[in-house]
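Proteins come first, then strands; the chains are lettered A, B, ... in the order of their sequence lines, and each starts at number 1. Side-chain atoms are counted along with the backbone in the values below, which use heavy atoms only and exclude waters and symmetry mates. Everything numeric here is computed off the predicted structure, so don't read it as measured data.
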Amino acid sequence: MDKKPLLKVQDLKTYFHTDDGLVKAVDGVSFEVYPGETLGIVGESGCGKSVTSLSVMRLLDEKGEIAGGSITFNGEDVLAIPEEKMMKIRGNDMAMIFQEPMTALNPVFTIGYQIIEAILLHQKVSSEEARAMAIDMLRKVGIPEPEKRVDEYPHELSGGMRQRAMIAMSLSCNPKILFADEPTTALDVTIQAQILELMLSLQKEYGMSIVMITHDLGVIAELAERVAVMYAGRIVEYADVVTLFKKPKHPYTWGLMNAIPKIDDEKEILYNIKGVVPDPLSFPEGCRFNTRCPLAKDKCFTDVPPLEEFEKDHFVACFRINELEEMIKSEREGELSAK
Amino acid sequence: MTAYIIRRLLLLPIIIIGVTLIIFSMVWSLGPDRLLASYIKSPEALKTPDAEERLIRKYGLDDPMPVQYFKWLGNVVKGDWGYSMVGKDGVLQSILQRFPYTLELAIYAFIPIIIVAIWLGVISAVKHNQFADQFIRVFALIGWSLPDFVFGLLLLWIFYSKLGWFPPGMVSTQFDLAMRESSWHTVTHMITFDALINGRLDIFVDALRHMALPILTLAYLWWAYLLRITRSSMLEVLRKDYIRTARAKGVPERIVIKKHAKKNAMIPVLTVAGASVIGLLGGTVFVETIFSRTGMGRFLADAASLLDYWSIIGGALFYSFILIIGNLIIDVSYALVDPRIRLN
């Protein structure tokens with residue numbers, strides 16, 4: 001991992017000016033994505049993970065504003081690129097797929113038209129060539145009878161097929177990075193597995209980087225190499241996937257891992273993180289997890305814990321890493337003595 | 001697509017039978033005596049004591065309703081819609097004589113209505129809550145709340161009585177005379193089109209000048225309505241995921257709006273646009289009265305005030321045809337815009 005990062009996000013702050021007040025949806029997020037790797041961003045709904053990717057692509061709506069930080073993509077300062085040029089980057093170097101394949105495709109145009117449009121925007125090919133490329137792409141994503149499907153409308157395809165078409169569209173220009181915003185959440189489980197497998201094989205073929213945004217830890221375990229855990233607009237833990245699953249160091253991550261049912265577990269009731277995500281209009285002072293954290297004390301309520309390197313390539317934003325260790329240890333002992 | 005239109009056309013006779021049945025039962029419910037009145041041209045006919053009963057029997061006015069209905073339907077199909085007191089002619093003939101004027105005004109009004117309303121509505125949505133949007137919303141609010149006769153009179157006062165630019169009426173007197181000459185070919189019964197056919201550009205321009213204020217009056221009302229529908233539909237569509245998808249693949253904002261958003265946003269707009277066509281073809285009593293124009297609105301208003309029920313019934317029948325055809329056109333245009341409707 002000593003290569004140059006393809007995407008480097010530093011201290012990104014994205015705020016929304018809503019009628020109810022200022023929402024600091026993303027507040028100081030930093031991460032890198034290296035060529036060909038998959039970075040997972042996990043977190044609950046509303047933690048700012050989607051907003052992060054929309055910020056990088058500069059696709060925020062009129063209420064959203066990047067209030068600070070920097071985004072460097074392919075050596076370029078994304079925030080300084082004029083909109084004209086940004087349009088050439090979107091869909092070409094950076095692509096995105098969304099959660100709802102039902103609503104992410106335009107209902108009044110055929111899927112072929114929508115893919116061809118993307119190709120024609122970024123590549124100097126004739127419309128016949130673009131059509132051939134679109135059919136080819138549909139075949140690659142595993143859509144049967146692509147010659148026929150290319151002229152069909154989104155509503156004629158099943159959810160899984162639509163997501164495949166969506167992937168075909170986003171990969172049609174061979175992007176360097178793909179933001180996948182909950183690409184499997186709206187699909188049923190067997191289709192989910194197929195789509196993930198497809199994404200992995202296409203990643204191998206095209207060598208692109210993927211930023212996988214999800215709340216599904218199973219997806220992360222399957223796909224990601226490194227993971228950033230977000231909570232209430234901030235990254236709380238950032239590590240490679242094995243470390244994160246084996247040795248979570250932030251109480252929130254630990255809670256998440258503990259909440260996954262394990263096949264050899266005899267527990268009747270799953271662990272759950274007490275409380276709810278705080279209202280984005282009034283995030284608490286200090287560590288934003290302090291309202292739900294079993295270990296929160298003193299400093300946690302006044303100071304923002306910085307994201308610090310705990311071990312090599314393992315970053316944690318918590319003042320009470322040691323206490324967590326102890327808590328885990330005593331819990332294990334408790335479990336053992338119970339047995 | 002063709003199958004869709006054919007399916008819709010197959011429904012037409014059923015709808016027409018339904019509509020005529022309702023209309024006819026309205027006539028029939030007046031009772032034989034009232035109906036008889038329209039068959040009698042002078043009081044002489046009722047001089048003998050049993051004349052009324054005799055005539056009722058003669059015209060079959062006391063026959064069972066189904067018998068009368070099919071007789072009436074037969075007459076309607078043959079083109080005999082009864083006698084119009086207002087038109088002093090057959091009802092169908094009176095309608096066909098006046099309808100072209102209404103149609104002409106509708107054609108000229110519809111084009112600016114659609115173009116301007118959609119244009120303003122889209123701007124308003126794209127510039128959401130900015131100055132242009134606020135301005136257009138106030139413009140729409142005024143049009144929405146100002147009654148057409150007030151606005152029409154205001155226009156007449158400014159542009160005719162003060163400035164003398166746009167006169168009321170159909171066409172200037174000297175041209176009206178020219179149109180009565182035997183060398184004048186009447187083809188469409190619409191002044192502007194006939195003027196072009198006869199190669200009289202001066203009459204064409206003159207007729208347009210007479211139409212300017214009625215067009216503006218009608219247009220403002222429909223602008224207000226249609227642009228609000230366009231705006232809200234556009235605002236809704238602009239929030240959709242597929243708009244974000246289009247942006248994410250690098251489609252320039254102009255095309256996102258013009259193509260990806262507008263085509264979707266047009267679906268509810270079409271309904272209202274269709275309603276505006278039907279409304280315009282219905283003739284507008286106030287506009288025709290204020291600007292002294294001959295047309296369907298005034299014909300029907302006169303018929304109503306004179307209790308000229310064959311004209312009223314004829315007008316209702318005529319409008320149900322227009323409504324049916326109008327709705328068919330709306331449905332077909334839906335299907336053209338929205339593939340989900342086309343294929344179901």
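Neither the backbone nor the side chain of B/V237 has a heavy atom closer than 4.5 Å to any heavy atom of chain A. In this structure, no portion of A/M86 lies under 4.5 Å from any heavy atom of chain B. Using a 4.5 Å cut-off between heavy atoms, A/L54 touches chain B through its side chain atoms alone. Looking at A/N106, the atoms closer than 4.5 Å to chain B (heavy atoms on both sides) sit in the backbone and in the side chain alike. For chain B, the nearby part of A/L121 is the side chain; its heavy atoms alone come within less than 4.5 Å. The contact between A/E62 and chain B is made entirely by side chain atoms (from C-beta outward), counting heavy-atom distances below 4.5 Å.
The 12-atom threshold is exceeded at CD of A/E83, counting heavy atoms of other residues, nucleotides or ligands nearer than 6.0 Å. In this structure, B/Y220 places its OH atom where more than 12 heavy-atom neighbours from other residues, nucleotides or ligands lie under 6.0 Å away. Annotation: A/Y206, atom OH; neighbour count of heavy atoms from other residues, nucleotides and ligands within 6.0 Å is above 12. Within 6.0 Å of the OH atom in B/Y225, the count of heavy atoms belonging to other residues, nucleotides or ligands does not exceed 12.
Proximity of a side-chain donor or acceptor of B/T245 to a complementary backbone N or O of A/A104 within less than 3.5 Å is detected.
In this structure, the side chains of A/M169 and B/K249 come closer than 4.5 Å at one or more pairs of heavy atoms. With contacts defined as side-chain heavy-atom distances shorter than 4.5 Å, the pair A/T103/B/Y242 does not qualify. With contacts defined as side-chain heavy-atom distances shorter than 4.5 Å, the pair B/R244/A/M96 does not qualify.
Chain B forms more heavy-atom pairs under 4.5 Å with one residue of A/M57, A/H122, A/E117 than with any other, namely A/E117. Residue with the most contacts toward chain A among B/K263, B/R239, B/H260: B/H260 (heavy-atom pairs, distance under 4.5 Å).
How far CG of B/N264 is from CZ of A/F109: 7.0 Å, rounded to the nearest 0.5 Å. One finds the CG atom of B/D241 at 9.5 Å from the CG atom of A/D181 (value rounded to the nearest 0.5 Å).
In plain terms, the two heavy atoms of B/R340 and A/P107 that are nearest each other are CZ-CB, 3.4 Å.
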